[in-house]
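For reference, the structure discussed in these notes is given below.
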Amino acid sequence: MLITPRPGTHRDNILQALRNTRDDVQNLYTSGPRETLPRLLKYLEWANDAVGRLAGQIADRDLDKLILTSRHAQILANVAILASPDAVRFANGLVNLELRQRTDDLNEAAQALEAAARRRQQAGRNIVFDTGMFLNHPDKFDQIDYRALTNIFDEPVNLVVPMVVIDELDNLKQHNKQQVRWRAGYSLAVLDRLFSSGRPSVAVLRDLDLSEAAAGGLPRSKVTVELLFDQPGHIRLPIADDEIVDQALTLQALAGEEVTLFTYDTGQSMRARNAGLTAKKLRLEPEEPQAKG
């Protein structure tokens, strides 16, 4: 499972916390007290410590999967019964099963986070477009000069598209303005073509271009597009702009480096900056007033 970092956290701190928590429960499983009641109480003490260590760093649903499981609730609610002489064998088996599974699940979570961090290191500089970028930029998103937009010349650019943006574009295909409908449909058609080959969530939009560099100019970076799918069990925020910012913050925590959100919307840029993201607010050229005849 891939955990969901809380806003403002950093993957390295989360990874260290996961490893420490895993090591503690593994040591308890292999070297902890063997008597039923001390072992049971040590397990509950470990769970409390683990929640204290991880609660500020990962989502509540991840805590429930990793620490506060249904078996933890069962053990906590029946300590007196499990500590009785008649329940020794059952109690030992129950606690041992939970200790082993907590070790396995925490190890899996740490490995998944490590793998995600490696992928992020290979992706290049991560940028996020809100929905308005697909609709309002003078150039269609597959034709944007990303070198001029981002001022990045020497490393790949990874355009990350949260699924909430895809869903908003889908809804805008029914908009009453023809231009909005067309841009939404065009953007979705390009994305569908990029990801039509199967399950990969990253596709190449533009390869590295060195043609200008050969004449003394600057290279054009490779540009990839990544779909950022909702994690299983994820509940979106009621306002789509808040959800986009939240997804960008999760990406930033996993990437371990700055993520930049591009938008034409003043409110969206304010939300992003207030949450700790770098936001680039672009400006639409104002339309010239029509002369009165």
Side-chain angles (χ1 to χ4, degrees), residues 123-152 156-207 209 220-230 236-251 259-273 275 277-290:
R125 297 278 291 277
N126 293 292
I127 64 173
V128 174
F129 281 2
D130 74 350
T131 310
M133 283 292 296
F134 291 90
L135 305 175
N136 297 319
H137 195 280
D139 299 319
K140 297 181 284 291
F141 89 94
D142 58 327
Q143 298 172 11
I144 290 174
D145 182 352
Y146 284 87
R147 181 179 65 181
L149 179 71
T150 64
N151 203 32
I152 298 172
V157 173
N158 187 44
L159 169 61
V160 181
V161 185
M163 281 303 298
V164 64
V165 172
I166 301 292
D167 293 337
E168 283 205 303
L169 290 172
D170 261 323
N171 291 333
L172 288 168
K173 289 189 298 184
Q174 310 301 322
H175 200 274
N176 56 9
K177 290 186 178 180
Q178 192 273 339
Q179 176 66 10
V180 172
R181 294 197 306 271
W182 189 88
R183 284 294 290 263
Y186 177 90
S187 299
L188 289 169
V190 173
L191 290 167
D192 187 56
R193 184 171 69 248
L194 286 172
F195 295 98
S196 62
S197 60
R199 295 186 62 184
S201 59
V202 180
V204 176
L205 181 65
R206 190 173 303 153
D207 282 315
D209 184 356
R220 293 183 183 273
S221 298
K222 177 181 179 180
V223 180
T224 55
V225 180
E226 177 181 356
L227 298 181
L228 190 60
F229 291 95
D230 296 346
R236 289 182 179 175
L237 297 173
I239 300 174
D241 283 353
D242 288 335
E243 177 67 17
I244 293 168
V245 169
D246 189 66
Q247 293 284 354
L249 287 169
T250 297
L251 173 66
V259 170
T260 303
L261 175 71
F262 286 83
T263 181
Y264 280 93
D265 185 63
T266 300
Q268 179 74 313
S269 65
M270 290 178 175
R271 286 183 177 92
R273 294 185 185 115
L277 290 171
T278 297
K280 299 291 186 182
K281 181 182 177 297
L282 307 184
R283 286 180 170 80
L284 290 169
E285 291 297 327
E287 296 181 3
E288 294 185 8
Q290 300 292 322

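Worth knowing before you read on, the calculation uses all heavy atoms, side chains too, and leaves out hydrogens, waters and symmetry mates.
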key: Test side-chain contact (heavy atoms from CB on, under 4.5 Å) applied to Asp241 and Val245, step by step   = CA-CA 6 Å; Asp241 283 353; Val245 169; 5.8 Å; no
message = For a side-chain contact (heavy atoms from CB on, under 4.5 Å) check, start with the C-alpha distance between Thr260 and Thr150, then their side-chain angles and the critical distance, and finish with the verdict.
response = CA-CA 9 Å; Thr260 303; Thr150 64; over 6 Å; no
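Closest approach of Arg183 to Asp139, counting heavy atoms only: NH2-O, 3.2 Å. Ala272 approaches Ala279 most closely through the heavy-atom pair CB-CB, 3.9 Å. When all heavy atoms of Leu277 and Ala248 are compared, the pair lying nearest together is CD1-CB, 3.6 Å. The minimum heavy-atom distance between Leu261 and Asp130, with the atom names listed, is CD1-N, 4.1 Å. Residues Arg236 and Val164 share a closest heavy-atom pair of NH2-N, 3.6 Å. Nearest heavy atoms, Tyr264 versus Gly132: CD1-O, 4.1 Å.
Side-chain contact check for Ile244 versus Gln247: every heavy-atom pair is 4.5 Å or farther apart. Side-chain atoms of Val165 and Met133, non-hydrogen and from C-beta on, never get closer than 4.5 Å to each other. Contact annotation: the side chain of Asp170 approaches that of Ile166 to within less than 4.5 Å [non-hydrogen atoms, C-beta and beyond]. Inter-residue side-chain proximity for Thr224 and Pro156 is flagged as unmet; no heavy-atom pair is nearer than 4.5 Å. Residues Thr131 and Leu172 are in side-chain contact: their nearest non-hydrogen atoms beyond the backbone lie under 4.5 Å apart. Looking at heavy atoms from C-beta onward, Ile144 lies in side-chain contact with Phe129 at the 4.5 angstrom threshold.
Between the OH atom of Tyr146 and the CZ atom of Arg125 there is a distance of 15.0 Å, given to the nearest 0.5 Å. Remark: Leu282 CG to Asp265 CG distance equals 11.5 Å, nearest 0.5 Å. Atom CD of Glu226 and atom CG of Leu205 lie 13.5 Å apart (nearest 0.5 Å). Here the straight-line distance linking atom CD1 of Ile239 with atom CG of Asp246 works out to 12.5 Å at 0.5 Å rounding. Atom CD of Glu168 is separated from atom CE of Met163 by 12.0 Å, given to the nearest 0.5 angstrom. Atom CG of Leu191 sits about 10.5 Å away from atom OH of Tyr186, to the nearest 0.5 Å.
No donor-acceptor pair under 3.5 Å is formed between the side chain of Ser187 and the backbone N or O of Ala184. With hydrogens and angles ignored, the 3.5 Å screen pairs no side-chain donor or acceptor of Arg206 with any backbone N or O of Asp145. Between the side chain of Arg181 and the main chain of His175, a donor-acceptor pair closer than 3.5 Å is present.
In the model, Thr263 has no side-chain atom that pairs as donor or acceptor with a side-chain atom of Gln268 under 3.5 Å.
For Lys281, the NZ atom counts as densely surrounded, since its 6.0 Å shell holds more than 12 non-hydrogen atoms of other residues, nucleotides or ligands.
With sequence neighbours excluded, no residue forms a side-chain contact (heavy atoms from CB on, under 4.5 Å) with Gln174. Residues forming a ring pair (Phe, Tyr, Trp, His ring centres under 6.0 Å) with Phe141 (at least two apart in sequence, or on another chain): Phe134.
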